Amino acid sequence: MRKRTGNLIVISAPSGAGKTTLCQKLLQIMTDVKMSVSYTTRGARQEEADGVHYSFISAEQFREMIGEGTFVEWAEVHGNYYGTSKLRIQEILSSGADVILDIDVQGARQIRQHFPDSVHVFILPPSMDVLKRRLEGRMSDAPDVIVRRLLKARDEIRGYRDYNYVIINDIVDEALQELLSVVRAERARVERFDHAWAAASFLKEEQ
Ligand code: 5GP
């Protein structure tokens, strides 16, 4: 049997670039791709459920978990803490599924150090104007939060060069096709191939 451990795929984007929608669509199409549910200290938005979108915890709990070594990476984003659980990603990877980490550029940097063969994708909006309009249309965030997010967006966009792929999310379905191509192509890389299986299946002298 061919052996396959999942790929670790990091997706970053300034908020409002449409990353969440893209990831949800990707998960619907590829059932062997899973999102890792992060821990955060920010409050849940109306449409968010605990344990589904995030595990919502207090700052005190978060600090305790840092001490216990729960996180493979964590960062402070927009005044709140966010972190990825080591255990959660290991469980998904060992099941053979790819894992998507929807994390910011600081977290992506830490993942790159721990997992040099992780795949990093940056999603860009088509323009700064579109990004602003998308954030304003999102009624869940207060005006001062939007201003903070726009300033942060510029900072984050500066980091795109460290990523392996850049996808511009203008037309969602086109961006989705590009993302699907990346996930599928990464599976076919020779570096990830099960050479023992190829040797046993095709390269024995007597065959
Ligand atoms: P939001 O509050 O809009 O859900 O997310 C804000 C930012 O935090 C996004 O850029 C998102 O990618 C990032 N984020 C979410 N989970 C994590 C995490 O576990 N680690 C890090 N470093 N960033 C995260």
Side-chain angles (χ1 to χ4, degrees), residues 8-24 26-27 34-59 61-66 68-93 99-115 118-125 128 131-132 134-160 162-163 165-167 169 175 179:
L8 183 49
I9 301 165
V10 171
I11 303 189
S12 301
S15 59
K19 176 181 51 173
T20 310
T21 309
L22 275 176
C23 289
Q24 279 165 0
L26 170 75
L27 260 53
K34 312 271 180 222
M35 299 276 299
S36 165
V37 179
S38 295
Y39 287 87
T40 185
T41 60
R42 92 151 155 71
R45 296 188 184 125
Q46 217 174 11
E47 70 283 5
E48 290 177 331
D50 189 32
V52 179
H53 297 88
Y54 285 103
S55 293
F56 296 97
I57 58 173
S58 68
Q61 278 174 298
F62 198 97
R63 279 191 289 269
E64 259 174 42
M65 289 167 79
I66 294 174
E68 290 161 1
T70 305
F71 302 119
V72 63
E73 67 74 35
W74 65 271
E76 192 183 338
V77 187
H78 312 307
N80 293 299
Y81 290 112
Y82 295 80
T84 306
S85 150
K86 261 183 218 160
L87 196 69
R88 286 183 178 175
I89 62 172
Q90 271 158 10
E91 275 171 7
I92 300 172
L93 291 175
V99 65
I100 302 271
L101 303 186
D102 166 350
I103 62 177
D104 84 319
V105 293
Q106 308 168 70
R109 215 169 287 135
Q110 298 171 52
I111 294 291
R112 210 172 283 119
Q113 277 168 8
H114 290 298
F115 302 94
S118 53
V119 181
H120 294 248
V121 182
F122 198 89
I123 313 283
L124 275 176
M128 208 60 178
L131 188 70
K132 191 158 177 265
R134 285 183 189 164
L135 285 179
E136 284 165 351
R138 202 194 260 181
M139 302 309 283
S140 55
D141 291 327
D144 64 315
V145 175
I146 294 176
V147 170
R148 238 189 305 150
R149 282 177 186 248
L150 275 171
L151 288 174
K152 179 93 197 308
R154 188 163 290 131
D155 263 0
E156 284 186 314
I157 290 171
R158 282 201 184 97
Y160 78 87
D162 295 331
Y163 287 69
Y165 299 93
V166 179
I167 295 176
N169 185 17
L179 186 56

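Both ligands and their constituent atoms are indexed starting at 1 by order of listing. Quick caveat, the model's predicted, so the values are computed rather than measured.
- If you take CD1 on I9 and NZ on K34, they are separated by 13.0 Å, rounding to the nearest 0.5 Å.
- Residue-level proximity to ligand 1 for H53 is absent, since no heavy atom of it falls below 4.0 angstrom.
- Below 3.5 Å of separation, one finds an N or O of S38 facing an N or O of ligand 1.
- Among all heavy-atom pairs drawn from R42 and R45, the shortest one is NH2-NH1, 3.5 Å.
- In this structure, N169 contributes its side chain and A17 its backbone to a donor-acceptor pair below 3.5 Å.
- Side-chain atoms of T41 never come within 3.5 Å of backbone atoms of A59 as a donor-acceptor pair (strictly under, hydrogens ignored).
- Of all atoms in ligand 1, listed by their number and element, those nearer than 4.0 Å to a heavy atom of G107 are 22 (N).
- The closest heavy-atom contact to atom 11 (C) of ligand 1, among the options V105, V37, D102, N80, comes from D102.
- Residue Y82 places at least one N or O, backbone or side chain, under 3.5 Å from an N or O of ligand 1.
- Residue contacts with ligand 1 include R149, since one of its heavy atoms falls under 4.0 Å from the ligand.
- Remark: ligand 1 atoms within the under-4.0 Å shell around heavy atoms of R42 are 1 (P), 2 (O), 4 (O).
- The two residues V37 and S55 come nearest to each other via the heavy atoms CG1-N, 3.8 Å.
- Of all the atoms in ligand 1, the ones that sit under 4.0 Å from a non-hydrogen atom of A75 are 22 (N).
- Proximity of Y54 to ligand 1, defined as any heavy-atom pair under 4.0 Å, is confined to the side chain (atoms from C-beta onward).
- Using modelled atom types, one side-chain atom of R134 and one backbone atom of G16 make a donor-acceptor pair closer than 3.5 Å.
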Could you tabulate the donor-acceptor pairs under 3.5 Å formed by side-chain atoms of residues 71-81, not counting sequence neighbours?
from, atom 1, to, atom 2, distance (Å)
E73, OE2, T84, N, 3.4
E73, OE2, T84, OG1, 2.4

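- Qualifying side-chain contact (heavy atoms from CB on, under 4.5 Å) partners for R154, counting only residues two or more places apart in sequence or in other chains: M128, R158.
- Ligand 1 lies out of reach of S15, whose nearest heavy atom is not under 4.0 Å from it.
- Of the protein's heavy atoms, D104 N, 3.8 Å lies nearest to atom 13 (C) of ligand 1.
- Applying the 4.0 Å criterion to heavy atoms of V77 picks out, from ligand 1, the atoms 7 (C), 8 (O).
- Summary of contacts: the protein heavy atom closest to atom 9 (C) of ligand 1 is K19 NZ, 3.7 Å.
- Checked against a 3.5 angstrom limit, the closest N/O atoms of E48 and ligand 1 fall outside it.
- For the ligand labelled ligand 1, residue E73 lies inside the 4.0 Å heavy-atom shell.
- When all heavy atoms of S36 and L101 are compared, the pair lying nearest together is CB-CD2, 3.5 Å.
- Under 4.0 angstrom from ligand 1, the non-hydrogen atoms of R45 all belong to its side chain.
- Paired with Y54 under the rule ring pair (Phe, Tyr, Trp, His ring centres under 6.0 Å), one option of Y82, Y39, F62 passes, and it is Y82.
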